[in-house]
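Note: hydrogens, waters and symmetry copies are ignored here, and every other heavy atom, side chains too, is used. Each chain gets a letter, A, B and so on, in the order the sequences are listed, and its residues count up from 1.
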Number of protein chains: 2
Amino acid sequence: MKNRLKVLRAERDWSQQDLADRLGVSRQSVNAIETGKYDPSLPLAFTIAETFAMPIEEIFERG
Amino acid sequence: MKNRLKVLRAERDWSQQDLADRLGVSRQSVNAIETGKYDPSLPLAFTIAETFAMPIEEIFERG
DNA sequence: GCCCAATGTCAAGCAACATTTACATAATGA
DNA sequence: TCATTATGTAAATGTTGCTTGACATTGGGC
């Protein structure tokens, strides 16, 4: 799964810590997801989508 | 996470085994997801969405 | 009554997700 | 220079997703 988290964060000028706080997860989890070390759970993917106000499919894609 | 798998299966007259075969997972996994025992991984959620040709958000919802 | 497909459930095990703690690096600014 | 912030990474640990194999129940058709 590839994702656009880094760009979406940059557009809002959020640090990984800022996003982690909004998502209720650790900074390391945000970093790991962003750098492709693993995929978020489905509930976390929903929270991410809500946070950026866009569909999951516009943030993540198979790759 | 609640989901509409049972209804979507019924609309297509697929058994849990049929769906499992299409998704490439075990029947028990389909059953567990359908009965809410656990959530699918994000990649599996994508495969499910592709299989039913609709967005993830139209199949799963927070509950 | 019997058989069979479908479903639900359990247990044990492995792989993946997510956590905390910690350390290293680069960039910024006082 | 020194302190701070942001990011990347690692190890150890706990939780969750998915597996196989097995067993019980239900409903329909013969």
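- Residue-level contact check: A:S26 touches the bases, meaning some heavy atom is under 4.0 Å from a base atom.
- Less than 4.0 Å separates DNA chain D from at least one heavy atom of each of the following residues of residues 2-20 of chain A: A:K6, A:R9, A:S15, A:Q16.
- Counting only heavy atoms from C-beta on, B:Q28 has its side chain closest to D:dG21 among C:dG8, C:dA18, D:dG21.
- Taking both residues in full, the closest heavy atoms of B:R4 and B:E58 are given as NE-O, 3.3 Å, listed atom of the first, atom of the second, then distance.
- In this model, the phosphate group of D:dT7 is not approached by any side-chain N or O of A:N31 to a distance below 4.0 Å at OP1 or OP2.
- Remark: B:W14 CH2 to B:T51 OG1 distance equals 6.5 Å, nearest 0.5 Å.
- Comparing B:R27 and A:D39 by the nucleotide of DNA chain C whose heavy atom lies nearest to each, the residue mapping closer to the 5' end is B:R27.
- Taking 4.0 angstrom as the limit, B:S41 places none of its side-chain polar atoms (N or O) nearer than this to OP1 or OP2 of D:dT16.
- Distance from the side chain of B:T35 is smallest to C:dG8 among D:dT9, D:dG17, C:dG8.
- A close approach under 4.0 Å does not occur between any side-chain nitrogen or oxygen of B:S29 and OP1 or OP2 of D:dG17.
- To the nearest angstrom, P of C:dA16 lies 15 Å from CE of A:M1.
- Note: CG (B:L42) to P (D:dC18) measures 10 Å, nearest angstrom.
- Remark: nothing in residues 47-63 of chain B comes within less than 4.0 Å of DNA chain C through any heavy atom.
- Atom CD1 of B:I33 and atom P of C:dG8 are 13 Å apart (whole Å).
- Scanning all heavy atoms of the two residues, the minimum distance from A:D18 to A:D13 falls at OD2-O, 4.2 Å.
- Side chains of B:I48 and B:F60 form a contact here, defined as non-hydrogen atoms less than 4.5 Å apart.
- Between B:R9 and B:E34, the closest heavy-atom pair is NH2-OE2, 2.7 Å.
- Contact between B:I33 and B:P40 at its shortest, heavy atoms only, is CD1-CB, 3.8 Å.
- Residues A:M1 and B:P43 share a closest heavy-atom pair of CG-CG, 4.1 Å.
- Rounded to a whole Å, the CD atom of A:E34 is 14 Å from the C1' atom of D:dT9.
- With rounding to whole Å, B:Y38 atom OH is found 9 Å from D:dT16 atom C1'.
- The separation between B:D21 atom CG and D:dT19 atom P is 11 Å, rounded to whole Å.
- Shortest non-hydrogen contact noted between B:L42 and A:A45 is CD1-CB, 3.8 Å.
- In this structure, a donor-acceptor pair under 3.5 Å is absent between the side chains of A:T47 and A:R22.
- Rounded to whole angstrom, the span from the CG atom of B:L44 across to the C1' atom of C:dA16 amounts to 13 Å.
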